[in-house]
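By convention in this document, chain letters (A, B, ...) are assigned in the order of the sequence lines, proteins followed by strands, and residues within each chain are numbered from 1.
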Amino acid sequence: MLDIKLIRENVDIVRKRLASRNASEEKFVDEVLSLDDQRRKLLAEVEQLKATRNRVSKEIGALMGQKKLEEAEAKKKETRDMGDRVAELDKQVAEVELKRDGILISLPNLPHESVPIGKSFEDNPEIRVWGEKPKFDFQPKNHIELGESLKMLDFARATKLSGSGFILYTHWGAKLERSLIQFLLDLHTTDHGYIEVAPPHVVGPHCLEGVGQFPKFKDQYYGVVEGDRPDAMGKLYLIPTAETPVANIHREEILSAQQLPIRYCAYTPCFRGEAGAAGVGTRGMIRVHQFDKVELIKIVKPEDSYAELESMTANAEKVLQLLGLHYRVLLLCTGDMGFASAKTYDIEVWAPGQGDYLEVSSCSNCEDFQSRRMNMRFKTETGENKMPHILNGSGTALARLFVAFVETYQQPDGSIKIPPILQPYLKTDRISA
RNA sequence: GGAGAGGUGGCUGAGUGGUCUAAAGCGACGGUUUGCUAAACCGUUGUACGAUUAACAUCGUACCGGGGGUUCGAAUCCCCCCCUCUCCGCCA
């Protein structure tokens with residue numbers, strides 16, 4: 001959520017930056033300002049009225065104490081209809097406030113000034129490339145062929161269980177998935193200094209609103225209903241990412257400056273409705289309704305957040321470097337960024353069987369956009385309450401990492417070679433039929 | 001799921017319609033004293049919104065789990081919801 005004071009004081013900048021997002025939200029800025037103006041006028045009026053009422057009520061109390069009942073009655077009459085007027089104005093304030101905040105909460109974050117202006121993914125500059133595309137002296141298979149021939153993935157039976165868009169890992173497939181998860185958690189907790197947390201996989205709507213997934217993208221998420229009770233709809237949702245519960249851990253808290261930075265790392269499954277994406281390129285495990293992910297979350301002081309974004313991105317890249325997978329890093333342009341983000345790097349890993357790069361990580365600095373929605377603050381050394389900056393990054397998404405991994409390490413005989421770094425987890429150097 | 005008890009400031013805890021719109025204690029911070037520490041004493045000690053102001057600041061309003069109601073006036077009375085604890089039932 002944007003700071004209403006920022007909008008009041010820098011209308012032109014806000015309007016211009018919103019416009020650069022290619023989402024035409026800037027037209028709501030004037031409406032917000034007009035509602036905000038109304039609210040302040042009403043507030044001034046009702047508060048003055050309340051001040052008078054409080055004063056007279058106190059006088060009545062004093063008179064009652066002195067047993068001057070007639071004088072007290074007279075004063076009561078005087079203020080009797082003041083209550084109605086106060087109630088009326090209170091109602092108006094609440095209505096205007098609701099409208100104002102309804103718009104505010106639907107406005108995306110402002111892009112950071114270092115973010116290039118652009119319309120779509122085609123305008124995202126490539127920041128750096130690591131490694132190179134592996135060469136094969138045979139026709140490389142894709143992960144679907146490999147997964148089925150090595151009995152690591154069973155797409156037909158997954159569909160039988162849950163419909164399209166779900167994965168059934170079997171035998172070495174399940175072990176590889178689990179090994180990758182554990183490798184990632186060990187790396188980030190041991191080498192990169194993150195604290196591991198294991199959050200609920202189901203959260204209330206306030207958590208989705210806190211990170212900016214609600215109210216704009218409601219149809220993307222799975223709701224959970226307890227038993228056969230449609231009336232319970234809207235109370236709980238399956239998490240689309242660990243960011244949702246983990247970023248909300250300290251919501252409505254005032255942290256101390258000494259606690260920052262907080263760096264959390266969490267493995268969870270992620271559930272996504274992917275409404276509107278069905279039917280296009282959905283075969284395999286590149287776009288699915290459920291996938292595993294190890295997520296990184298940071299809560300930091302504002303002055304540190306851009307340095308922390310760089311190190312978080314480096315932490316995610318380290319995963320691919322250690323696994324020996326070729327990747328590139330893109331800086332998302334203004335038109336391609338997520339709702340809550342002020343600056344985002346995407347990391348795309350090369351998948352030989354696809355002949356394409358796959359997004360396995362997205363590292364974003366949301367600045368104070370989320371902390372304001374969550375009312376998360378920290379007390380500075382000078383005793384002032386400020387909103388911390390919140391960052392999130394995949395470290396990394398698993399299903400696509402799995403794809404790139406098996407496609408990169410496939411051998412001419414159809415087996416998969418396991419690089420030394422994963423061997424202690426998988427307890428083998430090769431997966432074969 | 002059933003029954004009961006609760007939810008008050010950083011913490012403990014008093015407060016069942018008005019007289020400072022939260023007593024007292026603890027903790028924390030500042031000061032006095034002190035060779036240093038401790039003790040003692042004195043003082044300070046929340047959050048948000050708004051108005052005035054160049055600013056320091058001053059004033060106002062709201063907040064006692066959340067929301068609604070009664071009243072001139074609600075932490076206090078009434079209604080709904082949420083959460084915690086104890087016991088019972090069910091259960092991985």
Side-chain angles (χ1 to χ4, degrees), chain A residues 1-9 32-105 198 200-210 224-229 231-237 245 248-259 368 371-388:
Chain A
M1 188 158 68
L2 299 177
D3 186 357
I4 184 68
K5 285 180 196 151
L6 179 87
I7 301 179
R8 264 182 224 154
E9 286 155 26
V32 165
L33 279 181
S34 132
L35 288 165
D36 183 53
D37 198 50
Q38 278 183 53
R39 173 179 171 275
R40 280 147 74 199
K41 287 201 176 110
L42 288 167
L43 211 54
E45 192 182 344
V46 73
E47 285 186 354
Q48 201 176 358
L49 210 53
K50 281 180 182 172
T52 310
R53 186 186 64 180
N54 286 349
R55 188 168 38 75
V56 175
S57 288
K58 212 175 280 183
E59 287 167 14
I60 293 173
L63 290 170
M64 305 270 284
Q66 295 160 31
K67 306 275 182 213
K68 294 181 181 166
L69 298 182
E70 280 150 45
E71 284 179 52
E73 277 307 316
K75 288 221 186 249
K76 275 191 203 179
K77 261 179 213 154
E78 199 182 298
T79 47
R80 189 148 293 158
D81 30 77
M82 212 179 256
D84 294 341
R85 181 68 185 144
V86 166
E88 169 62 22
L89 285 169
D90 269 343
K91 207 177 116 197
Q92 283 181 36
V93 170
E95 276 168 15
V96 170
E97 205 168 72
L98 200 71
K99 270 193 216 166
R100 183 195 67 169
D101 293 345
I103 297 174
L104 267 182
I105 205 141
H201 299 170
V202 171
V203 294
H206 57 292
C207 291
L208 287 137
E209 188 176 294
V224 174
V225 177
E226 193 187 336
D228 188 17
R229 292 171 47 194
D231 60 303
M233 195 76 94
K235 289 190 173 171
L236 289 171
Y237 295 82
N248 276 285
I249 288 176
H250 298 289
R251 68 177 1 255
E252 280 149 50
E253 289 183 25
I254 301 178
L255 301 161
S256 69
Q258 294 77 24
Q259 282 174 272
D368 61 7
S371 32
R372 183 166 295 107
R373 288 170 163 248
M374 297 172 190
N375 197 22
M376 186 196 298
R377 290 160 294 172
F378 76 101
K379 205 171 272 296
T380 63
E381 283 83 354
T382 54
E384 197 187 348
N385 288 335
K386 279 176 116 174
M387 304 275 175

Is A:K386 paired with A:D368 through a side-chain N to carboxylate O contact shorter than 4.0 Å?
no

Salt bridge (charged side-chain N to carboxylate O under 4.0 Å, His left out) partners of A:K58, counting only residues at least two apart:
none

Step through the shown structure and confirm whether more than 12 heavy atoms of other residues, nucleotides or ligands are within 6.0 Å of CD on A:Q48.
no

Nearest heavy-atom approach of A:E97 to A:R39 is OE2-NE, 2.6 Å

Can you tell me how far P of B:rC63 sits from CD of A:E252, to the nearest Å?
18 Å

For B:rU33 and B:rG17, measure between their C1' atoms and round to the nearest Å.
48 Å

From NE2 of A:H206 across to C1' of B:rC82 the rounded distance in Å is 11 Å

At a cut-off of 3.5 Å, list every protein nitrogen or oxygen paired with a nitrogen or oxygen from nucleotides 68-74 of chain B, distance to 0.1 Å.
{"from": "B:rC72", "atom 1": "OP1", "to": "A:R80", "atom 2": "NE", "distance (Å)": "2.9"}
{"from": "B:rC72", "atom 1": "OP1", "to": "A:R80", "atom 2": "NH2", "distance (Å)": "3.3"}
{"from": "B:rC72", "atom 1": "O4'", "to": "A:T79", "atom 2": "OG1", "distance (Å)": "3.4"}
{"from": "B:rC72", "atom 1": "O2'", "to": "A:S57", "atom 2": "OG", "distance (Å)": "3.3"}
{"from": "B:rC72", "atom 1": "N4", "to": "A:K76", "atom 2": "NZ", "distance (Å)": "3.1"}
{"from": "B:rG73", "atom 1": "OP1", "to": "A:R53", "atom 2": "NH1", "distance (Å)": "3.4"}
{"from": "B:rG73", "atom 1": "O4'", "to": "A:S57", "atom 2": "OG", "distance (Å)": "3.1"}

Could I get the full list of side chain to side chain donor-acceptor pair (under 3.5 Å) partners for A:S34, not counting sequence neighbours?
none

Intermediate values then yes/no, side-chain contact (heavy atoms from CB on, under 4.5 Å), A:L89 and A:L49
CA-CA 10 Å; A:L89 285 169; A:L49 210 53; 4.1 Å; yes

When rounded to the nearest Å, what value does the distance between P atoms of B:rU12 and B:rG7 take?
12 Å

Stems field, RNA chain B, Watson-Crick or wobble, 3.5 Å, at least 3 pairs, by first number, holds B:1-7 with B:82-88, B:10-12 with B:24-26, B:27-32 with B:40-45, B:46-52 with B:57-63, B:65-69 with B:77-81

Here the distance between atom P of B:rG10 and atom CD of A:E253, to the nearest Å, is 13 Å

Who pairs with A:R85 by salt bridge (charged side-chain N to carboxylate O under 4.0 Å, His left out), at least two apart in sequence or on another chain?
A:E45

What one should report as the nearest heavy-atom pair of A:K379 and A:I254 is N-CG2, 4.1 Å

Could you tell me how far apart A:K50 (NZ) and B:rU21 (P) are, to the nearest whole angstrom?
18 Å

Check nucleotides 75-80 of chain B against the protein and report each pair of N or O atoms closer than 3.5 Å, with its distance, or say if there are none.
none

B:rC20 to B:rG6 separation - P atoms, rounded to the nearest Å
31 Å

How far, in whole Å, is B:rG18 from B:rA23 if one measures between their P atoms?
16 Å

Please evaluate residues A:I7 and A:L104 with respect to the criterion side-chain contact (heavy atoms from CB on, under 4.5 Å), reporting the C-alpha separation (whole Å), side-chain torsions for both, the decisive distance (0.1 Å), and the verdict.
CA-CA 10 Å; A:I7 301 179; A:L104 267 182; 3.6 Å; yes

Footprint string (nucleotides 47-55 of chain B, 5' to 3'): B base within contact, S backbone only, - free, heavy atoms under 4.0 Å:
SSSSS----

How far does the P atom of B:rG66 sit from the matching atom of B:rA74, given to the nearest Å?
16 Å

For A:E59, enumerate each residue passing the salt bridge (charged side-chain N to carboxylate O under 4.0 Å, His left out) test, keeping only those at least two apart in sequence or located in another chain.
A:R55, A:K75

Work out how far the P atom of B:rU37 is from that of B:rA55, and round it to whole angstrom.
42 Å

Could you pull out all residues at least two apart from A:D3 that satisfy side chain to side chain donor-acceptor pair (under 3.5 Å)?
none

Residues forming a salt bridge (charged side-chain N to carboxylate O under 4.0 Å, His left out) with A:K76, sequence neighbours excluded
A:E73

B:rC80 to B:rG2 separation - P atoms, rounded to the nearest Å:
15 Å

Under the side chain to side chain donor-acceptor pair (under 3.5 Å) test, residues paired with A:D36 that sit two or more places apart:
A:R8, A:R40, A:R100

Roughly how many Å apart are B:rU8 and B:rU84, using the P atom of each and rounding to a whole number?
14 Å

For A:E252, what residues pass the side chain to side chain donor-acceptor pair (under 3.5 Å) criterion, not counting sequence neighbours?
none

